[in-house]
Amino acid sequence: MIGNYDASKSVGSQLAEVVHMALATIATLARYSASPSFIIFTPLSRLLVSGFSARRLHPVHSRMASSLSSSHGVEVSESGKQERLTAPFGSWKSPITSDIVSGASKRLGGLSLAGDGRLLWVESRPAESGRAVLVKEPEKPGDEPIDITPKEFSVRTTCQEYGGGAFSCYGDAVVFSYYKDQRLYKQSVSSRVSSPVPITPDYGGPLVCYADGVFDFRFNRYITVREDRRKDSMNPATEIVTVALSNDDIQEPKVLIGGCDFYAFPRIDPRGERIAWIQWSLPNMPWDRAELWVGYISENGDLYNRICVAGSDPNIVEAATEPKWSSRGELFFITDRQNGFWNIYKWIESENKVMPVYPLNAEFARPLWVFGMNSYEIKSYDDKNLIICSYRQNGRSNIGILDDSQNSLSLLEVPFTDIQDIALGNDVLYVEGASGVLPSSVAKVTLESEKLKVLDFHVVWSSSPDVLKYKPYFSLPELIEFPTKVPGENAYAYFYPPLNPLYQALEGEKPPLLLKSHGGPTAEARGMLNLSIQFWTSRGWAFVDVNYGGSTGYGREFRERLLGRWGIVDVDDCCSCAQFLVESGKADGNRLCITGGSAGGYTTLASLAFRDVFKAGASLYGVADLNLLRAETHKFESRYIDKLVENEKDYYERSPLNFVEKFSCPIILFQGLEDKVVPPEQARKIYRALKEKGLPVALVEYEGEQHGFRKAENIKFTLEQQMLFFARLIGKFQVADEITAIKIDNFD
């Protein structure tokens with residue numbers, strides 16, 4: 001059960017937790033004033049849950065207060081003053097439980113505005129097995145948000161496997177992708193009794209999927225990206241198609257734009273006469289090279305002329321993204337053509353040239369892993385455009401206002417330091433963001449009409465609404481810059497020191513460190529409140545989230561450090577970061593652990609195989625064999641690693657699976673059985689090889705999970721078993737939580 005009350009606990013146990021939280025709050029105030037069910041399979045269905053149950057280590061203290069406080073590991077002196085307990089790092093008791101973490105893992109899947117000005121969003125709910133629901137902002141503040149999606153539906157597209165852009169709204173109508181059959185459905189957002197009606201054909205299964213659609217009312221149609229797997233599931237055709245919105249018989253979508261490998265961001269101008277889109281072809285990823293095109297729409301709805309606006313000049317390296325029309329019909333977009341940073345540009349149609357609105361060494365966009373990103377909005381006046389935009393610079397996000405008539409930039413002051421998508425209404429800006437003390441949220445920012453100054457800021461959606469009661473336990477991220485193995489080159493990370501207001505470590509002890517290598521690898525670690533990190537730090541672990549060379553957020557030059565050197569630069573930078581923290585006195589060099597998912601899982605395995613810095617690791621749906629990944633992965637990433645690895649010799653020599661003899665420490669692996677990005681055979685092969693070598697190893701496989709875990713019980717189990725695995729094998733402490741351990745081969 002997720003929540004504050006658990007009927008499975010005794011009254012005394014629950015009362016103890018209340019006392020524990022109250023004492024933690026008192027301790028923090030004093031400090032500041034002074035200054036389920038789950039299924040586990042191995043490849044052969046032999047992974048058993050052992051009878052081992054990890055119990056908390058009772059801290060050593062000089063005197064006990066009451067039986068209640070002592071049973072919960074809380075010490076109160078005879079005078080009634082709470083004292084911090086002395087206990088080893090990693091053994092601390094924390095109220096941020098795995099149930100709370102898994103229940104707080106709701107994800108957003110896009111923002112849009114309904115015709116009445118209220119916000120629509122898609123949220124993924126782990127407690128409902130990851131079901132994605134379209135939700136509408138309530139009419140009155142304080143009321144409950146309204147679920148638009150019927151319980152039998154889930155709003156999610158599998159286009160390019162990573163999805164995104166699963167719905168679009170105009171007025172009262174919404175069109176969305178239904179996860180089960182991947183068809184498009186149309187529904188009213190103003191009526192709770194409205195039933196979704198399909199508008200695309202039934203192909204007998206999820207063979208055709210759609211994403212990133214927009215309404216075209218000039219021809220009463222819906223224009224969207226389509227991925228068609230009917231002829232070839234490994235090499236599906238991607239096109240921009242039109243779908244009729246009439247209530248007549250469902251028709252086969254009509255291809256409007258085709259011939260390229262990939263498309264994104266089809267966007268219609270206000271008069272319905274022009275369409276802009278992004279396209280790219282293999283072997284490029286959309287952040288390597290991508291083109292912006294504009295097509296002119298004829299009276300019958302076809303394109304009669306096309307112009308490449310950006311990306312066709314072989315002498316200019318750029319990756320265009322996020323085209324958007326102003327209400328006056330001017331085209332803006334984002335590209336990194338001049339300074340190597342994604343900046344906002346404007347198309348001068350009469351001359352077919354582009355001009356930067358405001359050059360800045362900052363990223364105004366993110367890599368196009370998912371459809372439907374919305375990093376900026378345009379508010380047009382007679383003589384100017386004000387562009388409200390999010391951008392990333394020096395490890396934090398900002399909301400800025402660009403004035404294209406004056407080429408100026410001003411800032412909007414909001415509490416978020418990490419910002420994703422935004423949506424603009426009438427004098428209202430909705431911002432998806434977070435900070436070191438605020439979880440992933442959507443805030444409604446009321447603006448003064450002309451000057452666009454902030455008048456009010458309040459949260460309308462939160463991934464974990466009750467999280468602030470754990471604030472005394474939050475470890476704030478510290479942005480660190482550390483030297484790499486390449487002279488003169490630095491990399492970045494967010495460091496979270498261990499923090500628990502009720503505990504202090506043993507004298508002279510340094511904490512164990514868990515280093516996280518982010519996925520992608522073309523992605524970015526971001527300094528925001530993440531309860532899965534606080535789960536570790538509140539128990540006495542140090543945690544560091546690394547932006548190794550190749551990460552985004554720092555421009556193209558930093559991003560391209562990984563070209564041809566995946567498995568080298570990322571591995572070296574992670575090792576350098578861990579060693580930097582040890583040398584700085586912030587971590588115990590004998591208790592360094594590493595974890596990562598997907599590409600981060602590859603970096604984890606490569607670090608353990610080819611370096612000797614870390615003492616244990618956890619790989620979540622990670623890559624063990626680069627050649628196997630290349631042979632089995634989906635179309636979108638089918639040539640991705642060719643640029644990161646380059647030649648056949650490197651494919652072999654950088655695959656951890658080929659060098660099992662170099663592994664020397666324990667590893668635990670987690671894998672979804674429906675993963676098409678990194679197929680399960682990757683984890684199974686590394687598991688069998690390490691087991692045969694005699695190293696402590698465990699493999700956990702989840703039915704019904706794909707690339708990334710969405711079910712609350714699996715998120716919970718993964719977190720618990722990682723911590724317990726590290727504690728048992730290298731921690732030198734017992735965990736405070738009562739967790740049943742899985743069997744570890746070559747150990748139990």
Side-chain angles (χ1 to χ4, degrees), residues 110-115 117 119 165 168-170 212 214-217 223 264-278 292-294 309-310 320-335 342-350 353-360 362-366 372-392 397-412 414 419-433 444-454:
L111 308 175
S112 186
L113 291 179
L119 185 69
S168 184
C169 182
Y170 191 90
D212 212 2
V214 292
F215 289 82
D216 178 8
F217 288 103
I223 299 179
F265 293 109
R267 299 295 183 261
I268 300 288
D269 78 358
R271 296 171 61 92
E273 297 175 348
R274 295 167 295 175
I275 179 173
W277 71 89
I278 298 296
L292 168 63
W293 285 75
V294 170
V309 174
T321 187
E322 289 198 58
K324 191 183 294 287
W325 299 94
S326 74
S327 61
R328 300 190 303 180
E330 301 155 300
L331 179 62
F332 293 83
F333 67 102
I334 298 175
T335 190
W342 275 310
N343 284 191
I344 298 178
Y345 282 71
K346 181 179 180 180
W347 179 43
I348 311 301
E349 184 176 10
S350 60
K353 70 177 185 179
V354 301
M355 301 291 292
V357 176
Y358 187 85
L360 185 68
E363 300 279 42
F364 287 76
R366 290 164 280 146
M373 293 183 295
N374 197 54
S375 304
Y376 68 105
E377 293 276 16
I378 305 169
K379 189 175 181 67
S380 296
Y381 298 88
D382 291 338
D383 58 343
K384 64 181 178 181
N385 294 293
L386 293 183
I387 303 172
I388 302 94
C389 53
S390 65
Y391 66 92
R392 195 140 178 92
S397 300
N398 300 282
I399 291 285
I401 300 176
L402 291 173
D403 185 331
D404 70 342
S405 67
Q406 298 181 4
N407 300 108
S408 64
L409 173 67
S410 56
L411 292 180
L412 280 180
V414 296
I419 296 166
Q420 301 285 329
D421 291 334
I422 63 175
L424 181 65
N426 293 325
D427 298 329
V428 171
L429 180 69
Y430 292 93
V431 182
E432 177 190 351
K444 187 174 185 178
V445 183
T446 305
L447 304 172
E448 184 186 30
S449 180
E450 282 295 322
K451 296 182 180 179
L452 293 184
K453 291 184 177 180
V454 176

Under the 3.5 angstrom rule, does the side chain of [X] hit a backbone N or O of [Y] as a donor-acceptor pair?
X	Y	result
Asp212	Ala264	no
Glu330	Trp325	no
Asn398	Gly400	no
Glu363	Trp342	yes
Asp269	Glu273	yes

[atom2] on [Y] to [atom1] on [X], rounded to 0.5 Å:
X	Y	atom1	atom2	answer
Leu113	Asn426	CG	CG	9.0 Å
Ile387	Leu424	CD1	CG	12.0 Å
Cys169	Leu119	SG	CG	10.0 Å
Ile419	Cys389	CD1	SG	10.0 Å
Lys379	Asp403	NZ	CG	13.5 Å
Ile223	Trp277	CD1	CH2	10.5 Å

Criterion side chain to side chain contact (heavy atoms under 4.5 Å, CB included) on Arg274 and Glu349, from CA distance to verdict = CA-CA 12 Å; Arg274 295 167 295 175; Glu349 184 176 10; 2.7 Å; yes

request  = Give a yes-or-no answer on whether the side chains of Arg328 and Ser380 include a donor-acceptor pair shorter than 3.5 Å.
outcome  =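 No - no donor-acceptor pair under 3.5 Å links their side chains.
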
inquiry  = Does either side chain, that of Asp404 or that of Asn385, offer a donor lying less than 3.5 Å from an acceptor on the other one?
reply    = yes

inquiry  = Checking Tyr430 against Ile422 for the side chain to side chain contact (heavy atoms under 4.5 Å, CB included) test, could you report, in this order, the C-alpha distance in whole Å, the side-chain angles of both residues, the deciding distance, and whether it holds?
reply    = CA-CA 6 Å; Tyr430 292 93; Ile422 63 175; over 6 Å; no

ask   = Is the charged tip of Lys324 near the ring of Tyr376: under 6.0 Å from the six-membered ring centre and within 45° of its axis?
value =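 Pair Lys324/Tyr376 counts as cation-pi.
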
Heavy-atom check, side chain of [X] versus side chain of [Y], under 4.5 Å:
X	Y	answer
Glu432	Leu111	yes
Leu412	Ile401	yes
Ile344	Leu402	yes
Ser375	Ser390	yes
Arg366	Asp421	yes
Leu429	Ile388	yes
Asp427	Thr446	no
Val428	Val445	no

Heavy-atom closest contact ([X] atom, [Y] atom, distance):
X	Y	answer
Phe333	Ala320	CD1-CB, 4.2 Å
Ala276	Leu331	CB-CD1, 4.0 Å
Pro323	Phe265	CD-CB, 3.5 Å
Ser327	Pro270	O-CG, 3.8 Å
Pro359	Asn343	CA-OD1, 3.2 Å
Ile378	Ser326	CG2-CB, 3.8 Å

Intermediate values then yes/no, side chain to side chain contact (heavy atoms under 4.5 Å, CB included), Leu360 and Tyr391 = CA-CA 10 Å; Leu360 185 68; Tyr391 66 92; 4.0 Å; yes

key: Criterion side chain to side chain contact (heavy atoms under 4.5 Å, CB included) on Lys453 and Leu447, from CA distance to verdict   = CA-CA 5 Å; Lys453 291 184 177 180; Leu447 304 172; over 6 Å; no

inquiry  = Could you check whether atom CG of Asp383 has more than 12 heavy atoms from other residues, nucleotides or ligands sitting under 6.0 Å from it?
reply    = yes

